[in-house]
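Encoded as structure tokens, the structure appears first; notes follow it.
FYI, side chains are in, hydrogens and waters are out, and symmetry mates aren't considered; it's all heavy atoms of this structure. Since we're looking at a predicted model, the values are computed, not measured.
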Amino acid sequence: MAAAPSPNLRPIPARPPTVPTFDQELCGLVLDSAPRLFAVVQVCDEGLADADGWVAAWGFADAAGSTHVTGVDGRARLTLPSPERAVRHFSRRPGITARLIWLSPPTGAATDRAEAA
């Protein structure tokens with residue numbers, strides 16, 4: 001036998017869907033079109049017990065693949081067809097290898113600088 005609904009329950013009124021504000025729409029646009037950020041990390045003596053690594057450059061790649069890289073010292077500024085080309089550029093010294101470390105895609109955006117921090 002099925003239980004009868006309780007007569008004490010009040011119906012919950014349906015809420016009308018909220019319309020995003022213009023600022024919320026802009027933040028969504030920014031999140032959808034943000035470039036992928038990465039670091040170029042150089043490693044010395046890779047595979048050995050005393051291996052060392054450091055960030056040599058920061059870069060971003062857009063959806064079309066175009067890549068912009070700036071060395072942490074500000075001397076190298078590169079525009080490349082792919083992020084992998086940055087690895088080649090920063091692997092030229094003997095005993096030094098380079099690799100890409102990708103940052104996770106952003107999950108939030110704000111129109112206020114303090115709010116974004």
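Scored by the side-chain hydrogen bond (donor to acceptor under 3.5 Å, both in side chains) test, Thr79 finds His68 as partners (sequence neighbours excluded). Under the side-chain hydrogen bond (donor to acceptor under 3.5 Å, both in side chains) criterion, His89 pairs with no residue at all, not counting sequence neighbours. Under the ring-ring contact (aromatic ring centres under 6.0 Å, His included) criterion, Phe38 pairs with Trp102, sequence neighbours left out.
Ala57 approaches Gly71 most closely through the heavy-atom pair CB-CA, 3.8 Å. Considering all non-hydrogen atoms of both residues, Asp73 and Ala76 come closest at OD1-N, 4.0 Å. Across all their heavy atoms, Gly108 and Leu31 have their closest contact at O-CD2, 3.6 Å. Of all the heavy atoms in Leu103 and Ala39, the pair that sits closest is CD1-N, 4.4 Å. Val69 and Val40 make their closest contact through CG1-CG2, 4.5 Å (heavy atoms, listed as atom of the first residue, atom of the second, distance).
The list of salt bridge (charged side-chain N to carboxylate O under 4.0 Å, His left out) pairs with a residue in residues 96-115, not counting sequence neighbours, reads Glu46-Arg99. Within the structure, side chain to side chain donor-acceptor pair (under 3.5 Å) contacts touching residues 51-67 (residues at least two apart or in different chains) are Gln42-Trp54. Within the structure, no pair that satisfies the salt bridge (charged side-chain N to carboxylate O under 4.0 Å, His left out) test touches residues 85-95, not counting sequence neighbours.
Two residues are said to be in side-chain contact when any heavy atoms from C-beta on lie closer than 4.5 Å; Val43 and Ile96 fail this criterion. By the 4.5 Å heavy-atom criterion applied to side chains, Phe90 and Leu100 are not counted as neighbours.
In this structure, SG on Cys27 lies 11.0 Å from CG on Asp32, to the nearest 0.5 angstrom. The line from CG of Asp45 to CG of Asp50 is 5.0 Å long, rounded to the nearest 0.5 Å.
Not one N or O on the side chain of Thr70 forms a donor-acceptor pair closer than 3.5 Å with the backbone of Arg77.
When hydrophobic clusters are built by joining Ile, Leu, Val, Met, Phe, Trp and Tyr residues whose side-chain heavy atoms come closer than 4.5 Å, directly or via intermediates, Val30 is not grouped with Phe60.
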